[in-house]
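The structure under discussion appears below in the form of structure tokens.
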Amino acid sequence: MGIGDWLKCPFAGDKTGALPAGHPQVEKAAVVEEKKTPSCKICCACPSTRSARDECIIRNGEENCKSQIEAHYQCLLTEGFTEEQVNKLRAASQR
């Protein structure tokens with residue numbers, strides 16, 4: 001196998017050494033994501049969804065703001081808080 005054959009190989013990647021899109025190793029790497037670490041306390045995270053949630057609750061009552069409340073919890077998860085932390089917040093808010 002000469003260098004010409006190597007360059008034609010679908011697993012050889014490009015001149016930078018990167019593997020082509022669709023290669024099994026590229027797909028595997030896309031699935032394995034690094035866990036995000038929260039950059040602040042849970043009470044300070046997601047200010048936009050928190051304000052929308054709070055305003056809705058004040059104006060309409062908690063029972064009418066389920067989507068805003070859930071959006072805030074989803075934001076917290078996206079920011080790197082664990083399910084356990086978010087569930088503790090859910091439990092505390094239901095008291």
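The structure displayed is predicted, hence computed values, not measured ones.
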Check your understanding: Remaining members of I58's ILVMFWY cluster at a side-chain heavy-atom cut-off under 4.5 Å?
Key ->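 None; I58 is a cluster of one.
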Practice item. Rounded to the nearest 0.5 Å, what's the gap from CG on L89 to SG on C43? Could you check? Key: 9.5 Å
Exercise for review: To the nearest 0.5 angstrom, please state how far the SG atom of C65 sits from the CG atom of N60.
Suggested key: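 The SG atom of C65 sits 5.0 Å away from the CG atom of N60.
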Practice item. Quick one: list whatever passes salt bridge (charged side-chain N to carboxylate O under 4.0 Å, His left out) with E62, sequence neighbours left out. Key: none
Exercise for review: Please list, chain by chain and in numerical order, all residues satisfying side-chain hydrogen bond (donor to acceptor under 3.5 Å, both in side chains) with N87, sequence neighbours excluded.
Suggested key: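 In terms of side-chain hydrogen bond (donor to acceptor under 3.5 Å, both in side chains), with neighbours along the sequence ignored, N87 is linked to R90.
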Revision key, fill the gap. Residue set satisfying side-chain hydrogen bond (donor to acceptor under 3.5 Å, both in side chains) with T82, at least two apart, ordered chain then number -> Q85
Practice item. Quick one: list whatever passes side chain to side chain contact (heavy atoms under 4.5 Å, CB included) with C46, sequence neighbours left out. Key: T49, H72, C75, L76, E79
Practice item. Please determine if R59 and E55 form a salt bridge, counting it only when a charged side-chain N lies under 4.0 Å from a carboxylate O. Key: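 Between E55 and R59 there is a salt bridge, with a charged N closer than 4.0 Å to a carboxylate O.
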Exercise for review: Using a cut-off of 6.0 Å, state whether more than 12 heavy atoms not belonging to E63 lie near its atom CD.
Suggested key: yes
**Study point:** For R50 against A45, the heavy-atom pair lying closest together
**Key:**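 The pair with the smallest heavy-atom distance is NH1-O, 3.2 Å.
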**Study point:** Minimum-distance pair of heavy atoms, taken over all atoms of F81 and P38
**Key:** CZ-CB, 3.5 Å
**Study point:** Pairs where residues 38-49 contributes a residue and the test salt bridge (Lys or Arg N to Asp or Glu O under 4.0 Å) is met, not counting sequence neighbours
**Key:** none
Exercise for review: Using distance alone, with no hydrogens and no angle criterion, decide if Y73 and S93 have a side-chain donor and acceptor under 3.5 Å apart.
Suggested key: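 A donor-acceptor contact under 3.5 Å links the two side chains.
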